[in-house]
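What follows is a set of notes on a single structure, which appears directly below.
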Protein chains: 2
Amino acid sequence: MRISQLSHETGVAVATLKFYLREGLLHPGQQTSRTQAMYDESHAERVRLIRALSEAGGLSLARVRQVLDALDDPPTSRHHLLGAAQDALRPEDAHADPEWTAFAREFVDQRGWQIRDDEPLVDLLGEQLHAVLDAGINLADGAPLAAWADAAESIAEADLSTVPDDPAAALRQVVVGTVLTDPVLATLRRLAQQHRSATLFESE
Amino acid sequence: MRISQLSHETGVAVATLKFYLREGLLHPGQQTSRTQAMYDESHAERVRLIRALSEAGGLSLARVRQVLDALDDPPTSRHHLLGAAQDALRPEDAHADPEWTAFAREFVDQRGWQIRDDEPLVDLLGEQLHAVLDAGINLADGAPLAAWADAAESIAEADLSTVPDDPAAALRQVVVGTVLTDPVLATLRRLAQQHRSATLFESE
DNA sequence: TTTATTGGATAGTGACACTCCCCATTATTG
DNA sequence: CAATAATGGGGAGTGTCACTATCCAATAAA
């Protein structure tokens, strides 16, 4: 198909497709002459993926590029899956405060989670908990944190239980799934809050 | 304290504080003369809240303003808490597709969640699920969705179990807590995935 | 009295994700 | 075969966002 057709199929403006081509987010079509190229289903799929990651997943195009690159270079076994997946989504490490990193590390260890020593997600968790406490939210008794971690464990279990055998497909599912379903979880949380609140505070 | 002191206390540049004042995110200080005003702890707290919501919570300043306005006008009972809290965080409703809204509604109803008929979060959920399925993620057997909802319920329970009696404090905790802990949950999810993956795919 | 700081206002910055326009070349259509 | 349309390539422009810089006259502090 030609670019206008690709635009039609995906609902993305031709100018934007050209932009994606220029930026290397979309692989070039097959040239049929100096001013013409053909695109196929792989292009349409890629465009839909770009839009899903950036719109629904809220990723910047720079991050989308990272994810795409990672997906193009899948691991050889599912054992290396998470490494590859999380490389793709790795946070750019900010100014990690050692004190809070240590706090997060201790929590993770106490949970019995086997996490690499230099895992940047631990720094990130430290920063995030710092922000939460700084904003005056009480986590003192640790109960909510433990409840969240329990919930995270069951979610992770569900995430991994349906992973396909093929490493490339597995990678795609984990990466894209995680990005796109984080917002779903946030929404479910709010809905569940509403439901609980209705029964809990009915009397007031 | 004067503005430079406020800047020092919060780590936010004077120019930025002036910007927040202009934008109405920060309430004016007490004028002591035509070119001087005094700020107090309430200003420092507000500034920290703005930074927490926008940096850690990823909210735009427009959204921060909404949240702040809502916090300044707390409900009278905890029964109206969630309404007020979620008004503050209400998504701007996009182009809701009725088909997907219905799908989301059906899921919510089947769960036995009591959610208002016109709740925009249901539209949002529909859109998000649409995006997930469009991206080729398989939810067909419904298992992951059910697992997420279970997790969301326990999280919501933890969220609401520690809510203070005072409506203003309760509102603050629910709103700020939700905004700031969504990213924490996402991080915990990734860490839990890593832990699970280590044991699950060890042999490969 | 000199120097620094303040509130107030206007304008400028850099990142981001497009969007517009131009051109010389093909393709397509009548 | 001629007129019209579409294409690839590329530069420049747009609008939004969250600041940041600069200027000013008016205090405040040393």
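Letters go in sequence order (proteins before strands), and every chain restarts at 1. Keep in mind that this is a model prediction, so the values were computed, not measured.
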* Whole-Å distance between D:dA18 C1' and B:Ile50 CD1? -> 13 Å
* Mark up nucleotides 1-16 of chain D, 5' to 3', with B wherever a protein heavy atom is under 4.0 angstrom from a base atom, S wherever such an atom reaches only the sugar-phosphate, and - elsewhere. => ------BBB-B-----
* Just how far, in rounded Å, is P of C:dC18 from CZ of A:Arg65? -> 12 Å
* In terms of side-chain heavy atoms, does B:His27 have a donor or acceptor partner in B:Ser42 at a distance below 3.5 Å? -> yes
* Calculate the interatomic distance between B:Glu23 atom CD and D:dC19 atom C1'; express it in whole Å. => 10 Å
* Just checking, any donor-acceptor pair under 3.5 angstrom between side chains of A:Trp100 and A:Gln128? -> no
* Asked: B:Leu6 has an atom CG; how far is it from atom P of C:dG7, in whole Å?
  -> 10 Å
* Asked: Is there a side-chain contact (heavy atoms from CB on, under 4.5 Å) between A:Leu49 and A:Leu71 once you walk through the steps?
  -> CA-CA 11 Å; A:Leu49 183 54; A:Leu71 291 187; 3.9 Å; yes
* Nucleotide C:dT13, atom P - distance to CZ of B:Phe19 in whole Å -> 17 Å
* With the threshold set at 4.0 Å, does a side-chain nitrogen-carboxylate oxygen contact exist between B:Arg189 and A:Asp159? -> yes
* Asked: Base, sugar-phosphate, or nothing for B:Ser54, non-hydrogen atoms under 4.0 angstrom?
  -> nothing
* To do: Have a look at A:Arg51 and say if it touches a base, only the backbone sugar-phosphate, or nothing, with a 4.0 Å heavy-atom cut-off.
  => sugar-phosphate
* Salt-bridge contact A:Arg190-B:Asp182 (side-chain N to carboxylate O under 4.0 Å) -> yes
* Less than 4.0 Å between a side-chain N and a carboxylate O, is that true for B:Asp72 and B:Arg46? -> yes
* Any side-chain N or O of A:Tyr20 less than 4.0 Å from the OP1 or OP2 oxygen of C:dA17? -> no
* Between B:Ser60 and B:Thr32, who's closer to the 5' end of DNA chain D by nearest nucleotide? -> B:Ser60
* **Atom-to-atom span, NE2 of B:His8 to P of C:dT6 - whole angstrom** => 13 Å
* What is the distance from CG of B:Leu17 to C1' of C:dG8, rounded to the nearest Å? -> 15 Å
* Side-chain H-bond candidate by donor/acceptor type, A:Glu119 with B:Gln194, under 3.5 Å -> yes
